[in-house]
S.K.: 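Before I ask anything, let me first share the structure, which is written out below as C-alpha cells.
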Amino acid sequence: MKPRTALTLALVLSILGSLAWLTLRIVRATAAPSALDLPTTRVKRGKVILTVAARGDLQGGNSEMLTAPMTGGGDMAITYLREPGEVVNPGDVVVQFDTTEQDYRLKEAEADYAEAQQQVIKAEADAESTAEESRYAMLSAQADVKQAEIETRRNPIVAEITARQNILALEAAKNRERQATQDFTNKQTTSAAGIAIQKAAENKARVMADIAQKNIDNMTLKAKSGGYVNIQQNTRQNMMYWGMQLPPFQLGDTTNAGMAIAQIPDLKSWEVSAQVGELDRGHLAEGQHVSIRVVALAGKEFPGRVKYIGGTTGMPWDRHFEARIALDQPAPELRPGMTSNMVITVDTLDNVLWIPSQALFESDGRSFVYSRGPSGFAPHDVTLVQRSESQAVVTGIAEGDLVALSTPDQQTRSGGSIQQDGAMKALQK
C-alpha cells in the first residue's frame with residue numbers, strides 16, 4: 001500500500017507542477033508590453049548646454065619652425081641637436097649640420113675668386129702695354145707725316161720726279177697715321193672689353209664664394225625667439241607601415257633640404273590642435289567657448305576659444321577636420337605635447353524638451369522615439385532641433401512622457417493578434 005500511495009502522490013505533484021508552469025507561460029505570453037524589461041527615461045524640460053568633446057595636443061601658437069636649409073646638395077647629417085624640451089634663448093644654436101662639403105666648395109670658390117682677381121690685374125697690365133705700343137705707333141706716324149710735309153715744301157725747287165715722290169710719301173704717311181690712330185682706338189676698346197670680361201669672372205667667383213659662405217652659415221639653425229625645443233618626427237624612413245610611430249630626429253640622422261627638424265613654440269600664445277569628427281563640423285564656429293583640461297595637470301581647467309577650423313580630410317569612413325583652440329590664460333607649467341581634453345560649448349538652449357541621445361532613433365530620414373502607450377512602447381515621430389553626444393533637443397512630444405532607451409525587440413500579443421514592436425514596426429508605419 002505504501003508504494004502505491006507514494007506513486008499516486010508523485011503523480012499528483014507532477015500534474016500540479018505542470019499546471020503551474022503552463023499558467024506562468026500563459027501569464028507571460030499575455031502580459032502587457034509595459035511589463036517588458038526596457039531601460040526608460042522621461043522627457044524633460046529645462047536648460048540644455050550642447051557641447052562637443054575632443055582631445056588634442058598642446059603646442060605654442062605662432063611657432064617658429066626650423067627647417068633644413070636649401071643648399072642644393074644631397075643628404076645633410078645632423079652634427080648637433082638640442083634635447084627635446086630644452087630651454088633656449090634668442091640666438092642660441094638649436095641644430096647644426098655637417099659642413100664638410102660646403103667648406104670644400106667655399107675653398108674652391110675662394111681660389112677661383114683669387115685667380116679671377118689676378119686675371120683682372122693681368123688684363124689691365126696687358127691693356128696698358130698695348131695702349132702704349134699703339135700710342136707710340138700713332139705718334140710715330142704723326143711724325144712721319146710732319147717730315148713728309150716738310151719735304152713737300154721743297155717741291156718748287158726740286159726736279160719734277162722728286163716732287164712727285166714727296167707728294168706720294170706724304171700721302172703714304174697720312175695713311176699710316178690714320179691707320180695708327182684707328183688701331184689705337186680699336187685696341188683701347190678691345191682692352192676695355194677684355195678687362196670687363198675678367199671683372200665679370202671676378203664678380204662671379206666672388207658671388208660663388210659668398211653663396212658657399214652663406215650656405216655654411218645657413219647650416220647652423222639658431223632660435224629667433226626663446227622657448228622650449230620641440231623635436232619633429234623623422235619622416236625619412238626606409239620602411240613605413242600603417243600605424244607606425246615615427247621616431248624624432250636624433251644626432252647623426254640625415255635629412256633632405258626643407259625638412260622640418262625642430263619647432264620652438266611661442267609660450268605666450270598657447271593653443272591645442274585637435275582632430276574632430278566630421279559630424280560635429282556644423283556645430284563648431286570660431287570664437288566658441290572651450291573648457292580645457294590638461295591630463296598632466298589634474299584638477300586645473302583653462303578657458304579658451306575656437307581659433308581656427310580647418311578642412312575635412314581622411315578616409316570616407318573616418319573623416320575629420322583640424323580645430324585649433326587658443327588658451328586665454330596660459331600657465332608657466334604648460335609644456336608642448338601635453339595631451340588635453342576639451343569640451344567645446346556649441347549652444348545654450350533655455351526651456352526646451354530634451355532626451356538622452358540614445359533614446360532618439362533615425363531611419364529613412366525619420367526621427368522617432370519609442371513612447372509608452374496603452375498597448376506598450378510604440379514609435380512616435382518627433383522633430384530633432386539640436387543634438388550632441390549625450391543630449392537631443394526635440395519637439396512633438398510632451399514633457400514627462402516615458403520613452404525607451406533601447407529598441408524593443410520582442411513580440412507582444414494584443415487582442416489575439418501578433419503585434420511587432422521595434423524598428424520593423426517603425427519602418428512599416
Side-chain angles (χ1 to χ4, degrees), residues 60 62-130 190-238 246-266:
N62 303 322
S63 300
E64 176 189 354
M65 189 66 70
L66 301 179
T67 59
M70 307 295 291
T71 59
D75 299 343
M76 291 177 287
I78 299 176
T79 58
Y80 176 80
L81 182 65
R82 293 274 185 172
E83 294 294 332
E86 187 175 352
V87 180
V88 294
N89 298 317
D92 289 349
V93 177
V94 180
V95 185
Q96 174 69 54
F97 296 96
D98 183 19
T99 61
T100 302
E101 182 178 357
Q102 299 301 326
D103 290 337
Y104 174 75
R105 292 181 180 180
L106 175 60
K107 292 184 180 302
E108 278 193 331
E110 289 177 343
D112 292 342
Y113 178 54
E115 181 180 356
Q117 285 180 319
Q118 297 302 318
Q119 291 294 336
V120 170
I121 295 174
K122 180 178 180 298
E124 290 176 346
D126 291 343
E128 185 177 356
S129 175
T130 302
T190 303
S191 298
I195 294 174
I197 292 174
Q198 295 301 327
K199 285 187 175 181
E202 178 189 13
N203 292 333
K204 179 181 178 180
R206 178 174 54 82
V207 170
M208 296 302 295
D210 292 342
I211 292 176
Q213 183 61 54
K214 186 177 180 180
N215 288 338
I216 293 175
D217 297 338
N218 290 338
M219 297 186 78
T220 300
L221 305 182
K222 298 181 180 180
K224 297 180 180 179
S225 59
Y228 294 91
V229 176
N230 184 16
I231 304 300
Q232 301 299 295
Q233 292 180 337
N234 185 2
T235 58
R236 192 184 182 196
Q237 302 294 324
N238 294 329
L246 296 177
F249 277 102
Q250 298 178 359
L251 190 65
D253 287 349
T254 58
T255 179
N256 295 330
M259 292 186 66
I261 307 301
Q263 181 185 32
I264 302 179
D266 183 5

S.K.: For Lys214, which residues count as a salt bridge (charged side-chain N to carboxylate O under 4.0 Å, His left out) partner, sequence neighbours excluded?
M.R.: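 Lys214 satisfies salt bridge (charged side-chain N to carboxylate O under 4.0 Å, His left out) with no residue once adjacent residues are dropped.
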S.K.: Please enumerate all residues that pass side-chain hydrogen bond (donor to acceptor under 3.5 Å, both in side chains) together with Thr254, with sequence neighbours excluded.
M.R.: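 Listed in chain order: Arg236.
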S.K.: What pairs with Gln213 under side-chain hydrogen bond (donor to acceptor under 3.5 Å, both in side chains), at least two apart in sequence or on another chain?
M.R.: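 Testing Gln213 for side-chain hydrogen bond (donor to acceptor under 3.5 Å, both in side chains), a comparison that skips the adjacent residues, returns Asp217.
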S.K.: Sequence neighbours left out, what passes side chain to side chain contact (heavy atoms under 4.5 Å, CB included) with Thr255? Give chain and number order.
M.R.: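 Here the qualifying residues are Ala68, Met76, Phe97, Phe249, Met259, Ile261.
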S.K.: Using side chain to side chain contact (heavy atoms under 4.5 Å, CB included) as the criterion, list what pairs up with Gln118, not counting sequence neighbours.
M.R.: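 Testing Gln118 for side chain to side chain contact (heavy atoms under 4.5 Å, CB included), a comparison that skips the adjacent residues, returns Ile121.
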S.K.: What residues, two or more places apart in sequence or in another chain, satisfy side-chain hydrogen bond (donor to acceptor under 3.5 Å, both in side chains) together with Glu128?
M.R.: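 Not a single residue meets the side-chain hydrogen bond (donor to acceptor under 3.5 Å, both in side chains) criterion with Glu128.
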S.K.: Could you pull out all residues at least two apart from Asn215 that satisfy side-chain hydrogen bond (donor to acceptor under 3.5 Å, both in side chains)?
M.R.: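 Not a single residue meets the side-chain hydrogen bond (donor to acceptor under 3.5 Å, both in side chains) criterion with Asn215.
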S.K.: Does a salt bridge link Asp126 with Lys122, judged by any charged N lying under 4.0 Å from a carboxylate O?
M.R.: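 So Asp126 pairs with Lys122 through a salt bridge.
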S.K.: State which residues pass salt bridge (charged side-chain N to carboxylate O under 4.0 Å, His left out) with Glu86; sequence neighbours excluded, sorted by chain then number.
M.R.: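 Counting only residues at least two positions away or on another chain, Glu86 forms a salt bridge (charged side-chain N to carboxylate O under 4.0 Å, His left out) with Arg82.
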S.K.: For Ala192, give me all partners under side chain to side chain contact (heavy atoms under 4.5 Å, CB included), at least two apart in sequence or on another chain.
M.R.: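 Per chain and number, Ala192 pairs via side chain to side chain contact (heavy atoms under 4.5 Å, CB included) with no residue.
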S.K.: Under the rule for side chain to side chain contact (heavy atoms under 4.5 Å, CB included), what residues qualify as partners of Thr220, not counting sequence neighbours?
M.R.: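 Only Val93, Gln96, Lys222 meet the side chain to side chain contact (heavy atoms under 4.5 Å, CB included) criterion with Thr220.
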S.K.: List in chain and number order the residues that pass salt bridge (charged side-chain N to carboxylate O under 4.0 Å, His left out) with Asp253, two or more places apart in sequence or in another chain; answer none if no residue qualifies.
M.R.: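 Here no residue qualifies.
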S.K.: Under 3.5 Å, which donor-acceptor pairs do the side chains of residues 193-203 form with other protein atoms, sequence neighbours left out?
M.R.:
residue	atom	partner	partner atom	Å
Asn203	ND2	Lys199	O	3.3

